[in-house]
Amino acid sequence: MVFILTTVAFKHSETLLLKHSALYMMSSIQHFSLPVLSAQLPGDLSKMHLTDHAHQQMHMPPSQSGCSIASDSGSSSLSDIYQATESEMGDVDLSGLPEAPVDSEEEEEDEDIERSSEALLGRDLVRECLEKDAVDRTDDDIEQLLEFMHQLPAFANMTMSVRRELCRVMMFEVVEQEGTIILQDKQELDLWYVILNGSVEISYGDGRTEILCMGNSFGISPSLDRQFMNGVVCTKGDDCQFVCIAQEDYCRILNHVEKNTHKVEEEGEIVMVKEHRELDRSGTRKGHIVIKGTPERLIMHLVEEPSVVDPTYIEDFLLTYRTFLSSPMEVGKKLLEWFKVDSLRDTVTRIVLLWVNNHFNDFEGDPVMTQFLEDFEKLLDSSKMKGHLRLLNIACAAKAKCRQITLQKPSRESPLFFTVQGGSERCFGIFVETVEEASKAAEAGLKRGDQIMEINGQNFENISYSKAMDILKNNTHLSLTVKTNIFGMSQIILILIILWNPFLPCKKKKIPKFSVSKLKPGLFKVLKVPELDFLKCKSWKTFGNIHIYEEVLENDGGMSQSQDDSIVGTKQCRHSVAIMPIPGSLSSSSPDLLQPAASALDFSNPSGKTSHHRSTNTTAKDVVSHVVSEFGLIAAPETYSLCEVSVSPEGVLKQRRLPDQLSKLADRIQLNGRYYLKNNMETETLCSDEDAQELLRESQISLLQLSTVEVAAQLSMRDFDLFRNIESTEYVDDLFKRDPGGGGNSHLKQFEEVINQETFWVATEILREPNALKRMKTIKHFIKIALHCRECKNFNSMFAIISGLNLAPVARLRSTWEKLPSKYEKLFRDLQDIFDPSRNMAKYRNILSSQSVQPPIIPLFPVVKKDLTFLHEGNDSSVDGLVNFEKLRMIAKEIRNVVRMTSANMDPALMFRQRSLSQGSTNSNLLDVQGSHKKRVRRSSLLNAKKLYEDAQMARKVKQYLAHLEVETDEEKFQIMSLQCEAAYSTRVYITVNY
């Protein structure tokens with residue numbers, strides 16, 4: 001007996017979204033009948049409105065946002081939808097279902113674009129602030145202007161207070177026509193000018209000329225003396241914009257800096273300079289802020305009384321100290337010393353917790369800093385600061401990232417050079433206990449305290465110790481996925497000591513022989529086992545925004561689950577609940593790390609019934625067990641195995657049995673493959689020749705076969721995964737050309753390459769198509785993908801696609817572009833206009849600053865890099881022999897704004913799908929939109945098995961297409977390909993000769 005298992009059933013931990021006739025399934029392999037999450041329908045469907053006027057806008061309430069989902073009182077419950085699924089599907093055979101053509105109903109899609117009601121371009125906030133009279137500008141207006149002005153070279157090396165005062169008094173001027181003379185030679189000056197848009201030319205009396213562009217300044221110097229212009233200043237283009245500051249104001253503000261500064265001296269030398277600031281006109285937020293100092297004095301300022309006007313000093317320091325200190329232990333040693341001072345203990349603990357939470361990569365992979373954490377843990381334990389100790393453990397476990405390590409053994413009998421402990425028999429993961437120094441394992445990056453998550457694709461989170469050792473010993477090639485969890489291993493040691501402690505009234509359990517024999521002498525004294533009070537109770541406890549269910553030491557003296565799966569690395573047992581950190585809980589500036597969350601996830605079970613929690617990594621063994629149970633097979637699960645059958649491009653069938661612990665099955669299956677449940681006692685062929693041909697046909701994909709909505713969503717998910725994994729320290733390392741070692745900038749470099757890859761991908765797809773009509777359809781396809789990327793707030797991919805369409809070899813295809821419908825030409829122009837470079841890309845920046853654009857966002861990376869580069873190169877790193885901390889503060893704020901774009905209150909993958917679907921087909925099974933009214937259709941149409949199958953197949957196709965892109969990067973080849981598509985257009989020149 002052979003069972004074909006459709007890939008839909010393996011799609012794990014995804015939410016079913018009933019919206020715009022796209023059904024996304026959340027399915028556990030534990031229930032093959034596909035349980036469905038109840039859906040909420042949107043209150044209304046907002047569409048993007050294309051307008052000729054760049055600043056035209058439509059105001060709508062937040063409830064009409066395309067990304068919002070309003071509650072629907074008529075939405076089906078989980079049980080109702082589940083029952084409907086059972087009754088409607090019956091014995092539906094999903095195999096061989098024909099797939100509906102993608103984007104075939106051109107008229108309906110064109111109507112969708114025409115009905116778009118959301119303006120592509122937002123308000124010009126900066127211009128609105130500038131056009132106000134100086135006395136009418138609010139504090140918010142000043143902040144808006146500051147954000148814009150700090151990108152201009154004219155304001156470089158000015159302190160923030162000086163910039164703030166200049167923004168209060170500046171005036172806005174516009175010169176409409178090119179060639180207008182602004183200043184004559186020898187004319188008396190009374191203003192300081194800064195160019196916001198366009199350029200000017202200065203013509204000197206000796207014939208020299210000078211061009212000044214955006215961000216440059218001209219006019220008076222900061223003096224009250226009479227000054228005259230040397231040369232003639234005229235505009236070099238239309239719509240030149242300036243901000244002007246009167247001579248009296250300019251001189252007063254720049255010369256007033258010295259009066260507002262406070263210098264700190266030690267032994268006759270200036271070691272720190274502070275500046276008095278008022279952040280609002282009411283005078284309630286005022287105080288001193290550090291603008292420069294020696295490295296030693298900046299470190300000391302960490303534990304001094306914080307200023308109300310400088311609440312982010314600690315956060316800014318922890319991000320930027322690497323630019324002026326040679327080692328983080330210069331800070332670490334001071335913190336360990338200060339911890340011993342009672343009055344500083346809480347402050348030091350707060351600093352370390354913030355450091356671990358924001359920059360755990362400073363500790364991960366650095367043995368010295370790892371030792372610092374262990375030393376600090378001992379200090380917390382000896383000081384009986386158990387709440388802080390637990391929070392430190394949680395932060396370390398939550399912030400650690402998976403690493404890939406590859407080891408090669410000459411033979412199976414060769415030693416591993418490392419030892420492990422743990423195992424599912426004790427509800428623990430597998431941890432690296434020791435690593436031999438200078439061994440191959442150590443050179444590859446394996447470290448003590450690493451938790452092994454996966455080896456050769458097999459899940460190690462729920463594996464027994466004996467099974468883990470078999471895999472480690474019986475494979476010569478080991479591809480390990482590990483995660484730093486030094487405190488998780490410490491928890492294992494604690495539990496083992498408790499079980500063997502003769503003073504505890506516990507019945508000794510059988511413990512793996514590898515565990516206790518490895519304990520170091522004196523470990524009992526260091527760990528202070530009797531003080532572990534939390535192991536004697538069963539209760540809810542809250543630390544920060546994290547809720548943990550503790551369940552240990554039952555009445556018979558045995559131990560059930562560990563108190564924290566995420567820290568200890570336990571398997572998800574029946575009563576255990578994994579740690580669920582709420583985003584942003586520890587990332588704010590100087591947070592109250594011990595304050596309970598206001599809104600928490602409730603894992604309580606008031607009914608008292610046992611609940612089965614789905615594992616996030618279903619294994620092949622789990623699949624077999626649940627399929628045998630679901631289909632009521634008589635034979636034991638051990639009789640069956642899960643097999644993968646695939647077809648090569650040459651038509652060769654390949655079949656292999658999957659290891660029992662192989663996980664992430666949905667991600668591993670390709671379009672040319674299928675999973676089969678096979679009886680181990682039978683030898684029948686799993687895949688017929690007809691099925692093999694069908695698989696081969698399904699695996700052949702072209703761009704025009706793919707949904708533009710799904711392509712945009714998958715692009716956004718892929719790029720966002722890269723973007724959010726960039727550590728904030730990577731921006732600093734890249735900016736200051738630091739080499740932290742160990743590929744510290746790898747994620748940033750990968751994300752930086754994305755825009756080039758996607759730009760060349762667009763050109764490759766268009767130029768490889770020999771048929772002119774299909775080339776036009778490909779261009780049209782990319783324009784729609786760019787529009788959906790805009791809805792996903794993926795500005796990076798959107799810009800890449802527009803850039804690809806604007807590459808010269810593509811733009812020159814005149815006959816192809818002439819076939820493009822006019823509405824798509826207009827849409828393309830509107831999309832281009834978002835990235836208008838005038839006034840420092842003000843239109844794009846206005847969209848980002850709009851209240852309607854909320855994270856997650858994928859920004860245009862070249863703009864991010866340009867802004868950071870200007871802050872670095874436009875301001876000196878050292879002033880008067882002191883570290884220019886004002887510059888570092890501005891860089892830290894900019895990086896913080898970028899990192900904030902990665903925050904999300906729900907699964908980003910689901911949010912990208914929601915956003916793209918808001919611009920997808922409105923011809924939906926779910927809603928019949930007539931004006932502003934909604935009409936629910938029959939529930940049976942919601943649960944159409946064919947639609948489920950097609951949506952899952954489309955997602956798989958897009959993923960495989962993007963994973964196997966063949967992109968041409970040679971621009972010379974692009975030119976040749978372009979000429980092959982359309983030959984060069986000849987230009988005839990007619991000459992008239994008069995005799």
Side-chain angles (χ1 to χ4, degrees), residues 120 151 703 708 711-728 730-731 733-735 745-767 778-779 781-811 828 831-837 840-841 843-845 847-848 853 855-870 894-895 897-899 901-902 908 912 915-916 958 961-971 973-974:
L120 283 173
Q151 304 292 340
L703 177 66
T708 56
V711 172
Q714 293 294 339
L715 270 178
S716 300
M717 283 185 270
R718 184 190 70 173
D719 295 355
F720 184 74
D721 189 57
L722 264 180
F723 177 50
R724 69 176 172 181
N725 279 307
I726 301 174
E727 295 287 348
S728 55
E730 292 186 47
Y731 296 105
D733 293 335
D734 181 68
L735 199 58
N745 296 342
S746 58
H747 291 110
L748 182 63
K749 296 299 183 187
Q750 291 177 47
F751 187 68
E752 194 172 357
E753 288 298 319
V754 162
I755 194 166
N756 290 330
Q757 182 192 30
E758 293 178 357
T759 298
F760 290 138
W761 160 55
V762 172
T764 301
E765 284 288 353
I766 295 171
L767 297 176
T778 303
I779 291 174
H781 216 63
F782 276 120
I783 293 174
K784 288 191 284 186
I785 292 172
L787 177 63
H788 296 314
C789 284
R790 164 67 179 87
E791 282 304 299
C792 291
K793 302 174 189 176
N794 182 0
F795 297 100
N796 203 54
S797 293
M798 177 185 172
F799 181 81
I801 292 171
I802 293 172
S803 299
L805 293 172
N806 277 322
L807 285 179
V810 176
F828 181 51
L831 293 172
Q832 280 181 300
D833 199 36
I834 292 176
F835 302 106
D836 180 2
N840 200 17
M841 299 196 72
K843 294 179 181 178
Y844 162 71
R845 294 180 188 276
I847 292 175
L848 279 191
V853 179
I857 302 168
I858 306 176
L860 179 56
F861 183 74
V863 173
V864 172
K865 188 158 187 176
K866 169 182 171 290
D867 291 347
L868 289 172
T869 301
F870 171 75
E894 189 69 28
I895 293 174
N897 290 337
V898 173
V899 173
M901 295 180 188
T902 65
F912 287 130
R915 292 170 177 177
S916 59
V958 173
Y961 168 81
L962 293 176
H964 297 87
L965 285 178
E966 295 182 1
V967 177
E968 180 59 65
T969 58
D970 189 338
E971 296 190 41
K973 289 186 179 179
F974 278 150

Between M901 and L848, is the side-chain contact (heavy atoms from CB on, under 4.5 Å) condition met? List the steps.
CA-CA 10 Å; M901 295 180 188; L848 279 191; 4.1 Å; yes
For the [atom1] atom of [X] and the [atom2] atom of [Y], what is their distance to the nearest 0.5 Å?
X    : Y    : atom1 : atom2 : result
Y844 : M798 : OH    : CE    : 10.0 Å
I783 : T778 : CD1   : OG1   : 11.0 Å
E727 : L748 : CD    : CG    : 11.0 Å
L831 : R790 : CG    : CZ    : 9.0 Å
L715 : F720 : CG    : CZ    : 14.5 Å
I847 : I834 : CD1   : CD1   : 4.0 Å

Please confirm whether the backbone N or O of M717 pairs with a side-chain atom of D721, one donor and one acceptor, at under 3.5 Å?
no
Hey, is the main chain of E968 close enough, under 3.5 Å, to the side chain of T764 for a donor-acceptor pair?
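Side chain of T764 to backbone of E968: a pair is present.
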Is the shortest heavy-atom distance from the side chain of [X] to the side chain of [Y] under 4.5 Å?
X    : Y    : value
L703 : W761 : yes
E894 : Y731 : no
I801 : I785 : yes
F723 : V898 : yes

Which atom names give the shortest non-hydrogen contact between [X] and [Y], and what distance separates them?
X    : Y    : result
I802 : F828 : CG2-CE1, 4.1 Å
N725 : E730 : O-OE2, 3.9 Å
S716 : C792 : OG-CB, 3.3 Å

side-chain contact (heavy atoms from CB on, under 4.5 Å) evaluation trace for Q714 with Y961:
CA-CA 10 Å; Q714 293 294 339; Y961 168 81; over 6 Å; no
Results of side-chain contact (heavy atoms from CB on, under 4.5 Å) for S803 - residues two or more places apart only
T759, F799
Just do the side-chain contact (heavy atoms from CB on, under 4.5 Å) check on I766 and F974 with the steps written out, would you?
CA-CA 10 Å; I766 295 171; F974 278 150; over 6 Å; no
Using only heavy-atom distances, determine whether the side chains of S797 and E758 contain a donor-acceptor pair under 3.5 Å.
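Distance-only check passes for S797 and E758.
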Cut-off 3.5 Å, no hydrogens considered: what does the side-chain donor-acceptor table look like for residues 856-870, sequence neighbours left out?
{"from": "K865", "atom 1": "NZ", "to": "E752", "atom 2": "OE2", "distance (Å)": "2.7"}
{"from": "K866", "atom 1": "NZ", "to": "N840", "atom 2": "OD1", "distance (Å)": "2.6"}
{"from": "D867", "atom 1": "OD1", "to": "R845", "atom 2": "NH2", "distance (Å)": "2.8"}
{"from": "D867", "atom 1": "OD2", "to": "R845", "atom 2": "NH1", "distance (Å)": "2.9"}
{"from": "D867", "atom 1": "OD2", "to": "R845", "atom 2": "NH2", "distance (Å)": "3.4"}
{"from": "T869", "atom 1": "OG1", "to": "K865", "atom 2": "O", "distance (Å)": "2.7"}

Under the criterion side-chain contact (heavy atoms from CB on, under 4.5 Å), I'd like the reasoning laid out for D734 against K749: C-alpha separation, chi angles, the key distance, then a yes or no.
CA-CA 9 Å; D734 181 68; K749 296 299 183 187; 3.0 Å; yes
Taking side chain to side chain donor-acceptor pair (under 3.5 Å) as the definition, give me every residue that meets it alongside [X], ordered by chain and number, with sequence neighbours left out.
X    : result
N806 : Q832
N796 : none
N756 : none

